[in-house]
Amino acid sequence: MKVGFIGLGNVGGKLSGSLLRNGIDLTVHDLNPDLVAGFVSRGAKAADGPAQMMRDCDAVITCLPSPAASAAVMEEMLPEVGPGKIWMEMSTTDEAEVKRLGEQVIARGGAAVDCPVSGGCHRADTGNISIFAGCDRATFERILPFLTVMGRRILHTGPLGSASVLKVMTNYLATANLLTCCEALVTMKAAGMDLNTTYEAIKISSGTSFVHETESQVILNGSRDINFTMDLVKKDIGLFQSIADRTGVPLEISPLMISIFEDGIARYGMRAQSDDIIRRLEEATGLDITAPGFPPEMVDDEPEEPGYEVVPQGLVRAAG
């Protein structure tokens, strides 16, 4: 199967790198010609644009920074969509938007999938990230072989749009964990606790989380470089709030989180690293929340292994 990949940024460049590294017939496109040239030098083909990519490839993956960017790309690709073509949206986007675009693909005889990822850029780089996939079962089985190249744990979430809803939820939870980790670290420093010891106490306790074991490390290093920016956090938690508003759930923590990141963006800029949100508390207290021995960026030390489908607890997947 010939695969096209549009969007070679922080996440897309790593996901498409896994495809290329594992021998997938890959064509790439990005507005940054240097990123494209880097892939071509490693054996990928370059497309003139989205339309040519959809025309020449069996499946086209988009991994872009905003719903508007995906819509613009789809406008170019849509005339080339026909029976047998697959569009896979790996961006974090709005359920309604991915369904709107996907329905246009399906109306032309193609198949559409929303398949966002979760687990951090460091795991995207090694093919060990988790992938959600929203689509009909037949399409899922067609794309599973190269989903398992890009990711370790693959979850079929249900119909088109379902993966985007779940992805927004996981990013909301990760943001909540980030903010509580920031408050915990600053409070422990103010209480006179050693931050290296504090990190280990959280890690071995009921208070630990994936966010603590990854993001707290780059916070304590001082780099705060997690390859995810404040504007993207605001977008994602805003999408989660929209789901709650639409379904009539009166959230209490979510609006506060949005307010905190709006303040962080006003202070440090939209493209500030998301973990730099701890600076608000550092500035309020005059404390320096760094400690020796932590890495400046996260690197996945798990060996790359073939991915597999995750079957939800309590469900039995029918054969075929």
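Side-chain contact between Asp56 and Thr27 is absent, with no heavy-atom pair separated by less than 4.5 Å. Annotation: side chain of Glu304 is in contact with side chain of Asn22 (closest heavy-atom distance under 4.5 Å). Cys63 is listed as a side-chain neighbour of Phe5, based on a closest heavy-atom distance under 4.5 Å. At least one side-chain heavy atom of Thr62 sits less than 4.5 Å from a side-chain heavy atom of Trp87. Using a 4.5 Å heavy-atom cutoff, the side chains of Ile86 and Val60 are not in contact. Counting heavy atoms from C-beta on, the side chains of Asp236 and Thr175 never come closer than 4.5 Å. Counting heavy atoms from C-beta on, the side chains of Met77 and Ile6 come closer than 4.5 Å. Within the 4.5 Å cutoff, side-chain heavy atoms of Leu179 are placed close to those of Met257.
In this structure, the side chain of Ser91 engages the main chain of Leu64 through a donor-acceptor pair within 3.5 Å. Under a 3.5 Å cut-off, the side chain of Asp30 and the backbone N or O of Val36 do not form any donor-acceptor pair. In terms of modelled atom types and a separation under 3.5 Å, the side chain of Gln104 and the main chain of Leu78 share no donor-acceptor contact. Proximity of a side-chain donor or acceptor of Arg224 to a complementary backbone N or O of Ile219 within less than 3.5 Å is detected. The backbone N or O of Met54 lies less than 3.5 Å from a partner atom in the side chain of Lys85, making a donor-acceptor pair. Between the side chain of Thr157 and the main chain of Ala133, a donor-acceptor pair closer than 3.5 Å is present. Judged purely by atom type and a 3.5 angstrom limit, Thr187 has no side-chain atom pairing as donor or acceptor with the backbone of Ala184. Of the possible donor and acceptor atoms, one in the side chain of Ser205 sits under 3.5 Å from a partner among the backbone N and O of Ile202. Here the side chain of Gln52 pairs a donor or acceptor atom with the backbone of Asp48 at under 3.5 angstrom.
Taking CG from Leu160 and SG from Cys115, the interatomic distance works out to 10.0 Å, rounded to the nearest 0.5 Å. Rounding to the nearest 0.5 Å places CG of Leu15 at 9.5 Å from CG of Asp125. For the atom pair CG of Asp58 and CZ of Phe146, the computed distance is 8.5 Å after rounding to the nearest 0.5 Å. For the atom pair Asp275 CG and Asp225 CG, the distance stands at 9.0 Å (nearest 0.5 Å). Within the model, atoms CG of Leu185 and CD1 of Ile289 stand 7.0 Å from one another, a figure rounded to the nearest 0.5 Å. Here the straight-line distance linking atom SG of Cys135 with atom CE of Met88 works out to 8.0 Å at 0.5 Å rounding.
Residue pairs that meet the side-chain hydrogen bond (donor to acceptor under 3.5 Å, both in side chains) test with at least one member in residues 70-81, sequence neighbours left out, are Arg55-Glu80, Ser70-Glu89. Each side-chain hydrogen bond (donor to acceptor under 3.5 Å, both in side chains) pair with one or both residues in residues 290-303, not counting sequence neighbours, appears once here: Thr126-Asp300, Asn128-Asp300, Asp288-Thr290. Pairs passing the ring pair (Phe, Tyr, Trp, His ring centres under 6.0 Å) check and including a residue from residues 114-140, sequence neighbours excluded, read Phe140-His156.
Clustering ILVMFWY residues whenever any of their side-chain heavy atoms sit less than 4.5 angstrom apart, transitively, puts Met298 in a cluster other than the one holding Ile129. A continuous path of Ile, Leu, Val, Met, Phe, Trp and Tyr side chains, each step under 4.5 Å between heavy atoms, connects Ile278 with Met270, placing both in one hydrophobic cluster. In the hydrophobic clustering of ILVMFWY residues, with side-chain heavy atoms under 4.5 Å counting as a link, Met188 and Phe294 come out apart. Residues Leu166 and Met90 fall into different hydrophobic clusters, defined by Ile, Leu, Val, Met, Phe, Trp and Tyr side chains chained together at heavy-atom separations under 4.5 Å. No continuous path of ILVMFWY side-chain contacts below 4.5 Å connects Val11 to Ile226, so the two sit in separate hydrophobic clusters.
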side-chain contact (heavy atoms from CB on, under 4.5 Å) between Leu8 and Ser16, worked out: CA-CA 7 Å; Leu8 305 176; Ser16 51; 3.5 Å; yes
Using the rule given for side-chain contact (heavy atoms from CB on, under 4.5 Å), can you reason through Ile143 versus Val113, listing the C-alpha separation, both sets of side-chain angles and the distance that settles it, and then say yes or no? CA-CA 9 Å; Ile143 64 174; Val113 189; 3.8 Å; yes
Evaluate Thr170 against Phe210 for side-chain contact (heavy atoms from CB on, under 4.5 Å), listing each step before the verdict. CA-CA 11 Å; Thr170 64; Phe210 174 82; over 6 Å; no
Report the C-alpha distance between Leu19 and Asp25 in whole Å, list the side-chain angles of each, state the deciding distance to 0.1 Å, and finish with yes or no for side-chain contact (heavy atoms from CB on, under 4.5 Å). CA-CA 8 Å; Leu19 291 172; Asp25 186 339; over 6 Å; no
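For the 3.5 Å distance criterion, the side chains of Asp136 and Thr139 qualify, holding a donor opposite an acceptor. Counted by atom type alone, Asn171 and Lys167 present one or more donor-acceptor pairs between their side chains at under 3.5 Å. Side-chain atoms of His212 and Thr208 include no donor-acceptor pair closer than 3.5 Å. Looking at Glu200 and Asn196, their side chains never bring a donor and an acceptor atom within 3.5 Å of each other.
For Leu195 against Ala291, the heavy-atom pair with the smallest separation is CB-CB, 4.1 Å. Minimum heavy-atom separation, Gly134 to Ala163: N-CB, 3.5 Å. Between Val105 and Ala111, the shortest heavy-atom contact is CG1-O, 3.5 Å. Taking all atoms of both residues into account, the shortest heavy-atom contact from Gly17 to Arg42 is CA-NH2, 3.9 Å. Closest non-hydrogen pair, Gly238 versus Ile258, comes out as CA-CD1, 4.3 Å. Nearest heavy-atom pair, Gly43 versus Leu20, reported as atom, atom and distance to 0.1 Å: C-CD1, 4.0 Å.
Taking a cutoff of 4.0 Å between a charged side-chain nitrogen and a carboxylate oxygen, Arg279 and Glu282 do not qualify as a salt bridge. Ion pair Lys189/Glu183 not flagged as a salt bridge, since none of the NZ, NE, NH1 or NH2 atoms sits closer than 4.0 Å to an Asp/Glu carboxylate oxygen. Salt bridge annotation for Arg271-Asp231: present, with a cationic side-chain nitrogen under 4.0 angstrom from a carboxylate oxygen. The residues Arg152 and Glu309 are annotated as not salt-bridged, no charged nitrogen and carboxylate oxygen being separated by less than 4.0 angstrom. One finds no salt bridge joining Arg100 and Glu95 here, because no Lys/Arg side-chain nitrogen approaches an Asp/Glu carboxylate oxygen to under 4.0 Å. Between Asp114 and Lys99 there is no salt bridge, since no side-chain N of the basic residue sits under 4.0 Å from a carboxylate O of the acidic one.
The environment of NZ in Lys14 is crowded: more than 12 heavy-atom neighbours from other residues, nucleotides or ligands sit within 6.0 Å. When the shell of 6.0 Å around CG of Leu173 is examined, it contains more than 12 heavy atoms from other residues, nucleotides or ligands.
Partners of Thr198 according to the side chain to side chain donor-acceptor pair (under 3.5 Å) rule, which considers only residues two or more places apart in sequence or in another chain, do not exist here. With sequence neighbours left out, the salt bridge (Lys or Arg N to Asp or Glu O under 4.0 Å) criterion links Asp263 to Arg267, Arg280. For Tyr199, the side chain to side chain donor-acceptor pair (under 3.5 Å) partners two or more places apart in sequence, or in a different chain, are Gln217.
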